[in-house]
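Reading through the structure tokens given below for one structure.
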Amino acid sequence: MKESEKKDFKDTIFLPRTDFPMKANLPELEPKIIDFWEKNKIYERALETKKEIFSVHDGPPYANGNIHLGHALNKIIKDITVKYNLIFGKRAEFIPGWDCHGLPIEKEVEKRIGKNASPTEIRRESRKYAENFIGIQREEFKRLGVFGKWNEPYITMSPDYEAMIIDSINKIWKNGRIYSSYRPVFWCPICSTALAEAEVEYKTKKSPSIYFLFPAKFSEIEGERFENLFAVVWTTTPWTIPANFALAFNPEINYIIAKKDSRYLIVAEDLAGQILGDFEKVKVLKGYIFERKVFSHPLFDRESLGVIAEFVSKEEGTGIVHIAPGHGEEDFEVGKRYGLPVESVLDESGRGNENAKQYKSYFYTEINQKVIEDIEKKNLLLKKGEYEHSYPHCWRCKNPIVFRATKQWFIKVQDIKDKFIENIRKVKWIPEWGITRIESTVMARPDWCISRQRAWGVPIPYVICKNCGEYIWSEYTAEKIKQDILEGKADSWWEEDVSYFIPENLTCPACKSNSFEKGKDVLDVWIDSGLSFRYMKSKYRESFSFPADVYIEGTDQHRGWFQSSLILSVILEGEAPYKSVFTHGFILDEFKRKMSKSLGNVVSPSDIIKESGAEIVRVWAVFSDPSEDVKISEKILSEVIDIYRKVRNTIRFMLGSLGDNPQVVPEKLFPQDIYFLKKLEDTEKEVNSDYKNMEYHKVLRKIHFFADKILSGLFLDILKDTLYCDLPESPRRLSGQFAIFTILKSFLFLISPIFSFLAEESYQHLPEVFGFKKRESIFFESPDRMLLSFSNLSSIYEKEKNSAEELFSVLIPLREKLNEVADKMRKEKVIGSSLELKVFISLPDFPYFEAELLKSIVEEFFIVSKVFISSGEPALLKVERYSEAKKCPRCWKYFEGESDLCRRCSDVISKFYS
RNA sequence: GGGCCCAUAGCUCAGUCGGCAAGAGCGUACCCCUGAUAAGGGUAAGGUCUCCGGUUCGAGUCCGGAUGGGCCCA
């Protein structure tokens with residue numbers, strides 16, 4: 001046959017027709033789709049029609065810096081949750097939030113305008129800084145295709161939010177849960193502020209390490225006399241020695257009296273060798289002996305008391321721990337038991353104060369040196385050196401921090417831990433081990449230190465008695481600050497005089513004095529974000545249901561937001577603020593290392609968006625199981641892109657196959673189509689349940705498998721002959737097109753929470769066939785219009801789906817067998833296309849199917865030209881090249897006969913082109 | 001150092017109550033098609049289920065320990 005004749009027949013077949021492009025060019029396309037959603041208020045309008053509320057409550061990101069992949073992963077998972085619930089009829093309003101106050105922004109601003117800036121300047125600049133990044137992050141999140149009320153987010157620095165905070169904290173105070181107390185807290189001497197546990201980082205640090213002696217003020221032990229008796233003590237913080245008031249011994253471990261160079265030394269037995277070298281062991285005794293024994297302070301003229309503490313270990317040091325109750329958490333606890341003074345020897349900038357006596361006004365690192373020198377002068381130093389250990393550092397300025405006793409405000413939580421646990425157990429934690437994690441963090445936590453000596457935050461409403469230093473919390477003050485904030489005077493606390501904030505006749509409850517100054521503390525930012533549920537409750541009454549249906553954050557938030565929200569909610573509302581909590585993992589590189597600037601393995605979402613599109617980020621987010629850590633690499637991204645392409649091309653082919661706009665709904669569906677509709681129904685059910693369980697990576701896998709193997713590899717492949725060559729509006733072709741349309745609608749609907757851009761783009765290209773009238777956006781659609789399992793498709797389908805499945809469960813293994821044989825024949829160059837084959841099979845009786853129909857089904861399903869069926873157990877009997885036949889130039893199937901075209905094709909030509 | 005979690009083909013994951021001769025997709029190799037064409041189809045090769053020990057007739061699955069990685073804490 002000549003080329004020209006071939007061409008002629010190509011013009012007579014019905015190839016897919018669609019203007020849906022194969023290449024997406026997402027970086028350019030996506031902004032247009034976002035524009036479409038925004039201009040037409042698609043999300044807002046989709047919400048309007050729904051009633052039942054489903055609340056995905058946003059944990060506010062911190063408003064500094066551009067978003068990173070962790071943010072993207074988080075918001076995408078939230079978005080998928082929101083969209084899934086939305087399309088299934090829930091009013092799923094996503095109100096994004098931003099966390100604005102706090103140290104990181106304040107430090108950043110300080111860097112720009114100088115440390116000496118006034119609080120009002122700092123606050124003004126901090127506010128600008130946060131606003132700027134809210135704007136930036138908002139655009140970045142929108143660019144990812146995340147639906148949300150971007151124009152009415154909640155912002156922790158907005159006047160009504162700040163007022164809500166003051167109101168809430170005052171309510172907790174009225175409940176008697178807030179107290180002030182001296183207490184050693186993490187203190188950054190560089191930033192001059194107390195830090196929360198969440199604000200310290202542990203890094204390796206070299207510290208001085210000294211072994212030194214406390215002279216005993218007693219010489220008799222268990223009836224024996226030891227003149228020149230000393231306790232051996234080890235420390236890596238010599239500057240705390242001026243604050244020493246005790247020496248702690250473990251009651252259970254063995255101590256010895258060692259004679260060395262005419263001195264008797266007390267030290268733990270197991271450690272003596274490595275500390276002392278050569279010595280004479282004089283006596284062994286248990287630590288409890290030393291309780292209430294008195295030693296002399298090595299520097300000052302005062303005493304140091306022997307005490308007992310379980311935490312003293314025999315693994316490290318000397319088995320005797322120097323206790324400075326004002327400078328260590330455990331020291332403080334021990335001190336409290338023995339009634340020791342809680343004294344700080346440092347001022348807020350880390351320099352010696354009055355208590356430090358001769359070390360006054362030296363920085364604590366200088367005190368280290370001086371103390372060592374002085375101890376050496378007194379001949380009490382045994383050994384000195386350096387010690388490398390993991391030590392707390394300030395999260396912001398990265399400098400080592402200290403423990404320092406200061407007066408702070410606390411929320412009492414120790415006494416109601418059982419209430420927290422009780423409420424934790426009512427929540428569904430996904431994955432399940434989340435409950436272990438939150439329970440252990442809640443159980444381990446001390447009372448909540450809520451005060452910070454900073455400017456960028458919500459002021460704590462109290463004043464200080466100038467005469468006696470009493471801290472006085474006042475509802476009057478709280479109310480005044482709150483009113484000012486609401487009237488736009490957020491900084492009045494720093495601008496007005498103290499008299500403005502207190503009632504006229506206020507007297508100090510402790511000393512009756514009437515001279516006061518304003519408190520200098522702002523609230524811990526975890527209070528801000530932890531109260532977000534309360535803001536949602538009051539401001540978004542129409543769209544937020546308390547407790548929220550789900551909180552979704554990274555696993556670090558068990559200690560952070562999940563906990564702060566839980567504590568505040570249990571105190572204020574008597575229950576947890578969420579019904580379920582989903583946690584996702586962190587992002588690692590291809591070698592499972594965390595991302596860090598120093599490793600140079602940081603991937604930013606904007607790079608991927610620029611290169612490949614936001615949809616690729618969305619699909620990546622569910623490519624791995626997000627409840628564990630997720631990896632990203634070039635390889636993974638290219639696989640994600642391949643999945644996208646496959647899904648896109650499959651959709652494109654289906655759109656094209658409906659390009660001739662079939663309108664007549666077929667009365668009869670062919671068994672092939674019914675079988676694939678059944679596959680669709682199965683997939684719908686599985687995918688729906690995966691969505692419900694938030695197993696989005698399983699959704700992706702099923703969607704991909706369905707598009708690739710079921711549709712592209714089977715259904716659409718076998719339908720090509722019908723679609724291309726059968727007469728339009730012939731029963732077989734219409735049935736096929738109807739099935740395609742049914743599948744396509746459903747498929748687009750199911751992928752829309754994840755592939756939001758692709759689903760919308762495809763929906764806009766969807767032809768209105770079989771009487772289907774489109775809506776403005778796919779997000780206006782509903783399951784009953786889009787899903788097979790939610791519609792009541794013709795009784796034919798319901799009636800015949802089981803028999804169709806039965807038939808195909810027999811045909812599929814035969815097809816696989818045939819493929820094996822055909823592959824061999826191709827490799828041996830016997831055939832090329834499978835249409836060159838004729839096949840002999842045996843099948844059991846299928847009473848539902850007539851012989852002719854059955855034969856045509858099998859030919860179509862096998863994509864061969866001729867099938868002979870005999871009766872028997874299912875088997876592939878013989879596969880041969882169909883050598884006696886000739887190829888129809890139109891449909892390329894082989895047939896026997898004299899005519900140029902096969903019968904079907906000549907029929908179509910005569911009917912369609914006459 | 002402590003708590004929690006993870007560990008299955010080169011990559012990403014399935015693997016319910018212990019019965020598996022261990023599955024899928026991607027990638028790879030080879031082949032076909034050229035009427036989804038910067039597409040489409042087929043076949044095949046890939047695994048001592050991280051390691052060591054235990055329970056059991058039987059363990060990827062249960063228990064103990066080790067190693068590596070993550071989060072949180074000290």
Side-chain angles (χ1 to χ4, degrees), chain A residues 6-7 9-18 20 22-23 197-198 200 202 311 313 315-316 329-330 389-392 431-441 443-445 554-560 563 583-588 590-594 620 622-625 627-631 633-636 638-643 645-646 648-657 695 697-698 700-702 704-705 707-709 712-714 716-718 720-721 723-725 815-816 818-829 831-836 863 890-892:
Chain A
K6 258 192 182 171
K7 279 260 158 60
F9 285 109
K10 178 162 183 171
D11 294 338
T12 71
I13 62 171
F14 314 107
L15 288 175
R17 279 208 318 262
T18 177
F20 185 83
M22 179 176 256
K23 196 170 176 326
E197 303 99 289
V200 304
Y202 284 79
F311 67 81
S313 100
E315 311 301 322
E316 206 177 38
E329 182 72 34
E330 286 170 329
H389 57 158
S390 174
Y391 189 85
E432 283 172 22
W433 50 259
I435 192 168
T436 321
R437 198 123 179 212
I438 185 119
E439 280 193 5
S440 65
T441 56
M443 286 315 287
R445 74 153 308 134
T555 56
D556 55 335
Q557 298 302 331
H558 281 118
R559 193 177 179 79
Q563 192 195 198
T583 47
H584 60 255
F586 277 66
I587 296 168
L588 308 176
E590 58 186 312
F591 307 109
K592 300 191 185 183
R593 299 175 309 186
K594 61 176 126 189
W620 161 80
V622 293
F623 176 72
S624 307
D625 180 354
S627 68
E628 291 173 23
D629 289 338
V630 294
K631 272 154 269 179
S633 65
E634 283 300 320
K635 199 170 175 179
I636 288 171
S638 89
E639 193 173 329
V640 168
I641 290 169
D642 284 344
I643 291 173
R645 283 209 192 106
K646 188 74 203 186
R648 182 181 182 87
N649 268 324
T650 306
I651 291 169
R652 180 169 180 268
F653 185 82
M654 290 194 279
L655 287 170
S657 71
E695 297 184 292
H697 66 297
K698 290 190 178 172
L700 179 67
R701 262 152 227 292
K702 278 166 192 160
H704 181 219
F705 184 86
D708 189 8
K709 300 300 156 188
S712 192
L714 268 179
L716 302 174
D717 204 33
I718 68 166
K720 280 175 191 166
D721 176 70
L723 290 169
Y724 296 173
C725 302
R815 189 182 198 266
E816 284 166 2
L818 171 67
N819 278 336
E820 272 177 54
V821 177
D823 184 63
K824 229 176 244 165
M825 293 170 79
R826 270 194 289 262
K827 284 186 173 146
E828 286 161 2
K829 304 289 173 203
I831 57 156
S833 162
S834 61
L835 284 173
E836 290 169 49
I863 318 185
R890 181 166 178 273
C891 71
W892 299 345

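This one's a predicted model, so the numbers in the text were calculated from it and none came from an experiment. Residue numbering restarts at 1 for every chain, and letters A, B, ... go by the order of the sequence lines.
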query: How far, in whole Å, is B/A14 from B/U34 if one measures between their C1' atoms?
result: 36 Å
query: With a non-hydrogen cut-off below 4.0 angstrom, is A/Gly656 in contact with a base, only sugar-phosphate, or nothing?
result: nothing
- prompt: With both distances kept under 3.5 Å, what pairs with B/U12, Watson-Crick or G-U wobble?
  reply: B/A24
message: What's the separation between atom OG1 in A/Thr555 and atom NE2 in A/His584, rounded to the nearest 0.5 Å?
response: 8.0 Å
- request: Give a yes or no answer on whether the side chain of A/Arg826 reaches the backbone of A/Val821 with a donor-acceptor pair at less than 3.5 Å.
  value: no
query: Can any side-chain N or O of A/Glu836 pair as donor or acceptor with the backbone N or O of A/Ser833 at less than 3.5 Å?
result: yes
query: What is the distance from CD1 of A/Ile587 to C1' of B/G69, rounded to the nearest Å?
result: 16 Å
Any donor-acceptor pair under 3.5 Å from A/Ser440 side chain to A/Arg437 backbone: yes
query: Would you call A/Arg559-A/Asp556 a salt bridge at under 4.0 Å N-O?
result: no
query: To the nearest Å, how far apart are A/Lys594 NZ and B/C71 C1'?
result: 9 Å
message: Main chain of A/Ile863, side chain of A/Ser834: is a donor-acceptor contact present, judged purely on distance under 3.5 Å?
response: yes
- request: Give a yes or no on whether the backbone of A/Ile641 and the side-chain of A/Trp620 come within a donor-acceptor separation of less than 3.5 Å.
  value: no
query: Considering only B/G35, B/G25, B/G69, which nucleotide approaches the side chain of A/Leu15 most closely?
result: B/G35
query: Rounded to the Å, how far apart are A/Glu639 CD and B/U28 P?
result: 11 Å
message: Please report the distance separating the P of B/U67 from the corresponding atom of B/A29, rounded so that it comes out in whole Å.
response: 40 Å
- line: Base orientation of B/G46, chi within 90° of 0 counted as syn, else anti, reads syn
task: Would you tell me if any nitrogen or oxygen in the side chain of A/Tyr391 comes within less than 4.0 Å of OP1 or OP2 on B/A74?
output: no
Ring-face cation contact, A/Phe653 with A/Arg648, 6.0 Å cut, 45° max: no
- prompt: Roughly how many Å is it from NE2 in A/His584 to P in B/C5, rounded to a whole number?
  reply: 19 Å
field: Any A/Ser833 side-chain N or O less than 4.0 Å from OP1/OP2 of B/C32
entry: no
field: OP1 or OP2 of B/U12 under 4.0 Å from side-chain N/O of A/Lys631
entry: yes
Pair assignment for B/A66, Watson-Crick or G-U wobble, requiring both distances under 3.5 Å: B/U50
- request: Kindly write out the residues that satisfy side chain to side chain contact (heavy atoms under 4.5 Å, CB included) with A/Ser633, not counting sequence neighbours, or none if the list is empty.
  value: A/Glu590, A/Lys635, A/Ile636
query: When all nucleic acid strands are considered with a 4.0 Å heavy-atom cut-off, which category describes A/His697: base, sugar-phosphate, or nothing?
result: sugar-phosphate
task: Give one of base, sugar-phosphate or nothing for A/Arg890, where a contact means two heavy atoms less than 4.0 Å apart.
output: base
- prompt: What integer number of Å spans the P atoms of B/G10 and B/C51?
  reply: 13 Å
field: A/Arg701 CZ - B/G25 P separation (whole Å)
entry: 11 Å
query: If we take the P atom in both B/G54 and B/U16, what is their distance in whole Å?
result: 25 Å
task: Classify every nucleotide of nucleotides 37-43 of chain B by which part a protein heavy atom approaches to under 4.0 Å, writing B for the base, S for the sugar-phosphate alone and - for neither, in 5'-to-3' order.
output: S-SSSBB
query: Can you tell me the Watson-Crick or wobble partner of B/U55, both distances under 3.5 angstrom?
result: none
Distance between P atoms of B/A9 and B/C13 (Å, rounded): 12 Å
- prompt: Atom CZ of A/Phe20 to atom C1' of B/A36: distance rounded to whole Å?
  reply: 13 Å
field: Side-chain donor/acceptor contact of A/Arg437 with base of B/C71 under 3.5 Å
entry: yes
query: Can A/Trp892 be classed as stacking with the base of B/G35, given a centroid separation cut-off of 5.5 Å and a plane angle cut-off of 30°?
result: yes
- request: Let me know the distance between NZ of A/Lys10 and P of B/U34, rounded to the nearest Å.
  value: 11 Å
Whichever of A/Ser633 and A/Thr555 has its nearest RNA chain B nucleotide further upstream toward 5': A/Ser633
query: Looking at the angle O4'-C1'-N9-C4 for a purine or O4'-C1'-N1-C2 for a pyrimidine, is B/C52 syn or anti, with syn meaning within 90° of 0?
result: anti
task: For B/G27 versus B/A39, give the span between their P atoms, rounded off to a whole number of Å.
output: 12 Å
message: From CD of A/Glu628 over to P of B/C72, roughly how many Å is that when rounded to an integer?
response: 17 Å
- request: Rounded to whole angstrom, note down the C1' distance from B/G40 over to B/C6.
  value: 39 Å
- line: Using Watson-Crick geometry (N1-N3 plus N6-O4 or O6-N4) or G-U wobble (N1-O2, O6-N3), each under 3.5 Å, B/C17 is paired with none
message: Let's test this: given Watson-Crick or G-U wobble pairing with both distances under 3.5 Å, identify the partner of B/G60.
response: none
task: Return the 5'-most residue of the pair A/Arg593, A/Phe653 with respect to RNA chain B, ranking by each residue's nearest nucleotide.
output: A/Phe653
Partners passing side chain to side chain donor-acceptor pair (under 3.5 Å) against A/Asp823 (at least two apart in sequence or in another chain): A/Lys827
